[in-house]
Amino acid sequence: MTGFDMGKCFPNRRHPVTAPWIRMAALTVALVVLWGNLGMVTSMGAQAGASIQVDAQADTKDNAKNNTQANQRLFDEAGLLSGAEQERLEDALADCRKKTGMDVSAVTAYNDGARSAMEYADDYYDYNDFGTGKDKSGVLVLIYMDAPGRRGGECWISTSGNMIRILTDKRIDLILDDMYDYLGIQDYYGAVLAFTRDIEYYVDKGIQAGQYNYDTETGEISIYRSIRWYEAAFAVIAPAMIAGSVCLGIKSRYSMKQSDRERANSLLAYRADAKYRFGDVNDILLNKFVTSAPIPRGGSGSGGSGSSGRSSTHRSSSGRSHGGGGRRF
């Protein structure tokens with residue numbers, strides 16, 4: 001079959017030609033649709049960015065709130081302090097923790113009728129996970145009011161870890177002495193502030209000589225032993241001097257040099273045959289004087305202890321060891 005030409009078959013028919021205005025209209029519609037899609041994508045991106053920024057701000061606020069709660073060490077559950085006093089005491093407790101390297105907390109509460117002041121303070125310290133280091137070193141002071149509207153109560157200081165050895169029974173009594181005058185006039189702000197000052201003072205002084213822990217439940221005694229710098233220096237220098245003198249003595253003997261004593265004996269060799277004669281000598285007692293003085297007994301320390309270095313300890317409900325002491329006001 002031979003090919004044929006359509007143009008020849010239909011000589012009067014023309015090929016279709018698209019008008020220019022139709023092409024322009026189609027291009028315009030395409031640009032409008034594209035622009036709309038770009039605007040939608042930009043709007044969605046802006047909304048997503050704003051959402052991310054809001055989420056980031058919310059996370060920042062939550063983290064700041066959590067950090068504030070984690071750093072809080074003043075808990076005025078009895079409502080004894082004003083807002084301004086709480087802020088100042090929170091700052092004082094933070095400074096005390098920074099200076100001492102120990103955890104320092106203060107709590108006010110009403111007697112719950114189920115726990116003593118000692119039990120309440122120990123539990124509050126343990127179950128809030130207070131303390132620094134592996135031994136949870138720190139101290140908490142509790143102002144335990146009898147009831148709302150009543151002025152009386154009990155102040156208890158609970159110690160843990162290394163703070164047990166620093167705050168002996170005697171030192172705790174002295175801290176309570178400083179707080180007592182403020183508690184008597186219902187100046188709870190002044191009482192807690194005096195507590196922080198005393199903690200800084202005694203931590204700076206360190207563990208006193210002769211300190212020991214006494215377990216009131218088992219009677220076990222744990223003596224604190226430490227070597228001070230001058231004791232270590234003496235332990236090194238004294239043996240070195242003795243060893244040096246022995247070495248010098250041996251060296252001088254083997255060098256065949258006579259000592260001053262040996263030279264003096266050689267000069268007195270002519271008296272080798274000298275004889276000694278002994279005679280009777282009588283001593284006569286003319287008078288006798290006897291002087292006597294009473295030996296004072298040491299006063300009783302904190303908690304009936306005969307030593308100011310004693311720290312009385314006990315076990316809390318969590319099984320951890322605590323020291324401390326308290327007093328009614």
Side-chain angles (χ1 to χ4, degrees), residues 71-111 116-126 128 130-132 136-146 151-208 302-303 308 311-313 316 322-329:
N71 294 327
Q72 182 181 359
R73 287 299 183 272
L74 176 67
F75 304 91
D76 185 22
E77 298 182 358
L80 304 179
L81 303 167
S82 66
E85 289 175 337
Q86 292 181 26
E87 292 180 1
R88 290 196 294 269
L89 286 179
E90 195 70 70
D91 293 339
L93 291 168
D95 291 340
C96 187
R97 295 198 308 274
K98 183 177 179 181
K99 292 177 181 178
T100 62
M102 302 281 184
D103 206 339
V104 184
S105 308
V107 180
T108 68
Y110 288 111
N111 193 322
S116 64
M118 181 187 74
E119 294 169 341
Y120 193 99
D122 292 345
D123 289 347
Y124 207 101
Y125 189 94
D126 293 343
N128 282 284
F130 294 155
T132 60
K136 297 295 184 181
S137 298
V139 58
L140 180 146
V141 61
L142 170 67
I143 299 177
Y144 205 42
M145 305 299 294
D146 290 337
R151 298 182 57 176
E154 185 175 0
C155 182
W156 187 271
I157 296 175
S158 174
T159 57
S160 176
N162 197 41
M163 192 65 85
I164 295 177
R165 295 197 178 274
I166 294 176
L167 294 184
T168 61
D169 295 346
K170 182 63 176 179
R171 288 180 173 181
I172 289 176
D173 276 346
L174 294 175
I175 296 175
L176 292 171
D177 287 342
D178 293 337
M179 297 180 65
Y180 188 81
D181 292 336
Y182 295 100
L183 294 172
I185 59 175
Q186 297 180 289
D187 184 3
Y188 307 109
Y189 167 79
V192 177
L193 198 61
F195 165 78
T196 60
R197 288 195 298 262
D198 286 346
I199 295 300
E200 293 177 9
Y201 173 75
Y202 287 119
V203 171
D204 184 64
K205 292 190 69 174
I207 302 174
Q208 69 182 68
S302 173
S308 61
S311 296
S312 301
T313 63
S316 64
H322 284 269
R327 184 183 303 172
R328 286 198 56 83
F329 59 90

>> Out of the candidates Tyr120, Tyr124, Phe329, only one should pair with Tyr144 under the ring-ring contact (aromatic ring centres under 6.0 Å, His included) rule; please name it.
In response: Tyr120
> Has the side chain of Asp187 got a donor or acceptor atom that lies under 3.5 Å from a matching backbone atom of Tyr182?
Replying inline: no
> Passes salt bridge (Lys or Arg N to Asp or Glu O under 4.0 Å), Lys99 versus Asp204? Steps please.
Replying inline: CA-CA 9 Å; Lys99 292 177 181 178; Asp204 184 64; over 6 Å; no
> To the nearest 0.5 Å, how far apart are CG in Leu81 and CD1 in Ile143?
Replying inline: 7.0 Å
>> So which atom in Thr132 and which in Gly101 form the shortest heavy-atom distance, rounded to 0.1 Å?
In response: OG1-O, 3.4 Å
> Does one side chain, of Thr108 or Asp76, offer a donor that lies under 3.5 Å from an acceptor on the other?
Replying inline: yes
> Do Thr196 and Leu89 have side chains that get closer than 4.5 Å, going by heavy atoms?
Replying inline: no
> Between Val141 and Met179, which heavy-atom pair has the shortest distance, and what is it?
Replying inline: CG2-CE, 3.7 Å
> Atom CG in Leu174, atom OG1 in Thr168: separation rounded to 0.5 Å?
Replying inline: 8.0 Å
>> Just verifying a value: how many Å separate Asp123 CG and Leu140 CG, rounded to the nearest 0.5 Å?
In response: 11.0 Å
> Does Asp169 use its side chain to pair, donor to acceptor, with the backbone of Ser312 at less than 3.5 Å?
Replying inline: yes
> Which atom names give the shortest non-hydrogen contact between Ser137 and Met102, and what distance separates them?
Replying inline: CB-SD, 3.5 Å
> Going by heavy atoms in the side chains, are Ile166 and Ile199 under 4.5 Å from each other?
Replying inline: no
> Which heavy atom of Leu80 sits nearest a heavy atom of Glu85, and at what distance?
Replying inline: O-OE1, 4.5 Å
> Looking at side-chain heavy atoms only, is the closest gap between Leu176 and Cys155 below 4.5 Å?
Replying inline: yes
> Which pair of non-hydrogen atoms, one from Ser311 and one from Leu167, has the smallest distance, and what is that distance?
Replying inline: OG-O, 3.8 Å
>> For the CE atom of Met163 and the CD1 atom of Ile172, what is their distance to the nearest 0.5 Å?
In response: 10.0 Å
> Does a salt bridge link Lys136 with Asp126, judged by any charged N lying under 4.0 Å from a carboxylate O?
Replying inline: no
>> Would you say that Asn128 contacts Phe75 through its side chain, given a criterion of any heavy-atom pair below 4.5 Å between the two side chains?
In response: no
> Out of curiosity, Asp173 CG to Tyr180 OH, how far, rounded to the nearest 0.5 Å?
Replying inline: 13.0 Å
>> Measuring only between side-chain heavy atoms, which start at C-beta, is Val107 closer than 4.5 Å to Tyr125?
In response: no
>> Please give me the minimum heavy-atom distance between Leu193 and Ala92, naming the atom from each residue.
In response: CD1-CB, 3.9 Å
> Roughly how far apart are Gln208 CD and Arg165 CZ, rounded to 0.5 Å?
Replying inline: 12.0 Å
>> Any carboxylate oxygen within less than 4.0 angstrom of a Lys/Arg side-chain nitrogen, looking at Asp177 and Arg327?
In response: yes
>> If you count every heavy atom of other residues, nucleotides or ligands that lies below 6.0 Å from Tyr110 atom OH, does the total exceed 12?
In response: yes
